[in-house]
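A quick write-up on the structure given underneath.
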Amino acid sequence: MKPALMRYEAPETVEGAVALLAGASGEARVLAGGTDLLVQMRADVVDPALIVDIKRIAETRRVTEERGGWRIGAAVTGAELKEHPRLKQEWPGVVEAANLIGSTQIQGRATLGGNLCNGSPAADSVPALVAAGAVATLAGPQGRRDLAVEDVMLAPRTLALRKGEIVLSFVLPPRPPRSSDAYLRFIPRTEMDIAVVGAGVSLTVDEAGTITAARVSLGAVAPRVLLVPEAAEAIVGSRLDRAAQDRLEAAARAACRPIDDKRGTTEFRIEVAGVLARRAALIALDRARTR
Ligand SMILES: Cc1cc2nc3c(=O)[nH]c(=O)nc-3n(C[C@H](O)[C@H](O)[C@H](O)COP(=O)(O)OP(=O)(O)OC[C@H]3O[C@@H](n4cnc5c(N)ncnc54)[C@H](O)[C@@H]3O)c2cc1C
């Protein structure tokens, strides 16, 4: 039997990419950095008949200021984010999360869009984006729509994207003064591993150092990345004293519904989620105070 041919396309417009994906009869995949997709193809996990490389579409490759916030193209890499001083200053948590992905080589390829659309609850940049209140702009046959990042991935390998839709970019909202964020993960070794637990915190403080707004997210402790409003409520109105930290830890732990595997038992993941949420909040607070 003749092996099936795979078609590779690299359109230069959003409309072109969407038309290709929408019109595909067999399995079609977007290609960004390829650090997940190519590995999965080599392992015969996926066997797409059509690959649509989105890196030639200018909109997916730029970082621009927009209405006081930032728009980051879905195919911007972690390495590119790291070299953007102003973005790094405003959203250190988002940038540090993207830069935990793999090694230097991987970071030169791996994109925010690919990290989200690979559909892993342990993806490192996703909790940071969720804590940031980031919104994904999707493009599809019916046009464009915006979706909160926490609503894009529904379960492992299951996305809210419709046939023909791609993630085009992410919007980070405007930053009030004295705001910052942080992302921490636990892995069994120092690098090149998948998060056993991840925690993202973004917050704003007033002049007296009291937290006026916060968002807390957790990765790898449920089938999808969690936004945990109870954890945010636990620290808003406080200066993150010990009592507020304890409330934050308890709320973060209460939200966890983790798997139990050789990389971390259920009990361990729940325990670590509380610790990381607290530590990430302390780092975000420290950064916010000095901005
Ligand atoms: C050695 C190694 C180490 C790694 N370490 C980490 C780590 O520490 N933390 C971590 O989170 N991940 C890690 N990864 C996984 C991977 O690098 C990341 O998930 C990366 O961000 C994927 O981005 P990409 O651009 O390479 O995605 P791709 O491989 O190009 O795509 C991934 C999936 O998303 C889809 N997709 C991509 N972009 C879009 C889009 N814009 N719209 C719709 N669908 C899209 C693709 O079709 C595919 O199904 C590692 C991978 C390797 C090989």
Side-chain angles (χ1 to χ4, degrees), residues 91-102 115 120-134 149-150 153 156 179-205 209-211 213-290:
W91 293 100
V94 170
V95 176
E96 73 195 347
N99 281 278
L100 281 174
I101 297 175
N115 200 220
S120 164
D124 279 307
S125 69
V126 182
L129 287 172
V130 169
V149 169
E150 59 269 29
M153 187 206 147
S179 300
S180 200
D181 63 336
Y183 173 77
L184 291 174
R185 70 172 181 184
F186 174 82
I187 55 172
R189 50 186 189 172
T190 51
E191 57 182 40
M192 295 285 283
D193 209 337
I194 300 163
V196 175
V197 181
V201 177
S202 176
L203 51 75
T204 302
V205 293
T210 301
I211 297 171
R215 283 173 68 95
V216 179
S217 65
L218 293 171
V221 291
R224 61 198 280 190
V225 171
L226 301 175
L227 175 67
V228 190
E230 301 79 13
E233 283 157 23
I235 58 173
V236 170
S238 82
R239 300 178 70 177
L240 209 51
D241 50 57
R242 188 66 225 196
Q245 291 176 36
D246 290 347
R247 290 197 302 272
L248 168 64
E249 282 200 26
R253 290 192 178 116
C256 297
R257 301 186 306 282
I259 55 166
D260 188 310
D261 70 3
K262 64 181 178 187
R263 305 180 65 253
T265 60
T266 300
E267 296 75 18
F268 178 75
R269 286 174 196 254
I270 291 173
E271 177 67 20
V272 173
V275 173
L276 291 189
R278 177 171 58 82
R279 289 184 187 169
L282 286 166
I283 295 169
L285 180 68
D286 194 45
R287 289 173 174 168
R289 279 182 180 146
T290 52

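One is the number of the first residue; the rest follow in order along the sequence.
In this structure, Asn115 and Val126 approach most closely via the heavy-atom pair OD1-N, 4.0 Å. Residues Leu248 and Ala277 approach most closely at CD2-O, 3.6 Å, considering heavy atoms. Nearest heavy-atom pair across Ser238 and Ala244 is OG-CB, 3.3 Å. Heavy-atom minimum distance, Thr290 versus Asp286: OG1-O, 3.1 Å. Between Ala122 and Ala195, the shortest heavy-atom contact is CB-O, 3.7 Å. Closest of all the heavy-atom pairs between Val196 and Pro188 is CG2-CD, 3.9 Å.
Residues Pro223 and Arg257 meet the side-chain proximity criterion, which asks for heavy atoms closer than 4.5 Å. Inter-residue side-chain proximity for Ser120 and Met153 is flagged as unmet; no heavy-atom pair is nearer than 4.5 Å. Within the 4.5 Å cutoff, the side chain of Arg185 has no heavy atoms near those of the Asp193 side chain. Side-chain contact between Ile259 and Arg269: present, with at least one pair of heavy atoms (C-beta onward) separated by less than 4.5 Å. Within the 4.5 Å cutoff, no side-chain heavy atoms of Val201 are placed close to those of Arg278. Side chains of Ser179 and Ser202 form no contact here, defined as non-hydrogen atoms less than 4.5 Å apart.
Here the OG1 atom belonging to Thr266 is positioned 8.5 Å from the CG atom belonging to Asp261, to the nearest 0.5 angstrom. Interatomic distance, CD of Glu150 versus CG of Leu129, reported as 10.0 Å (0.5 Å rounding). One distance of note links SG of Cys256 with CG of Leu218; it measures 5.0 Å at 0.5 Å rounding. Atom CG of Leu276 and atom CD of Glu249 lie 9.5 Å apart (nearest 0.5 Å). Taking CG of Leu285 as the start and CD1 of Ile211 as the end, the distance is 5.5 Å to the nearest 0.5 Å.
Among pairs with a residue in residues 252-286, those fulfilling ring-ring contact (aromatic ring centres under 6.0 Å, His included) read Phe186-Phe268, at least two apart in sequence or across chains.
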N/O donor-acceptor pairs under 3.5 Å from side chains in residues 92-100, not counting sequence neighbours:
from	atom 1	to	atom 2	distance (Å)
Glu96	OE1	Arg287	NH2	2.9
Glu96	OE2	Tyr183	N	2.8
Glu96	OE2	Arg287	NH1	3.0
Asn99	ND2	Gly78	O	3.3
Asn99	ND2	Val95	O	2.8

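With hydrogens and angles ignored, the 3.5 Å screen pairs no side-chain donor or acceptor of Arg215 with any backbone N or O of Ala132.
A salt bridge does not link Arg247 to Asp241: none of the charged side-chain nitrogens sits closer than 4.0 Å to a carboxylate oxygen.
Atom CZ of Arg279 has 12 or fewer heavy atoms from other residues, nucleotides or ligands within 6.0 Å.
Shown are Val225, Val228, Leu226; of these, the side-chain contact (heavy atoms from CB on, under 4.5 Å) with Val130 is made only by Val225.
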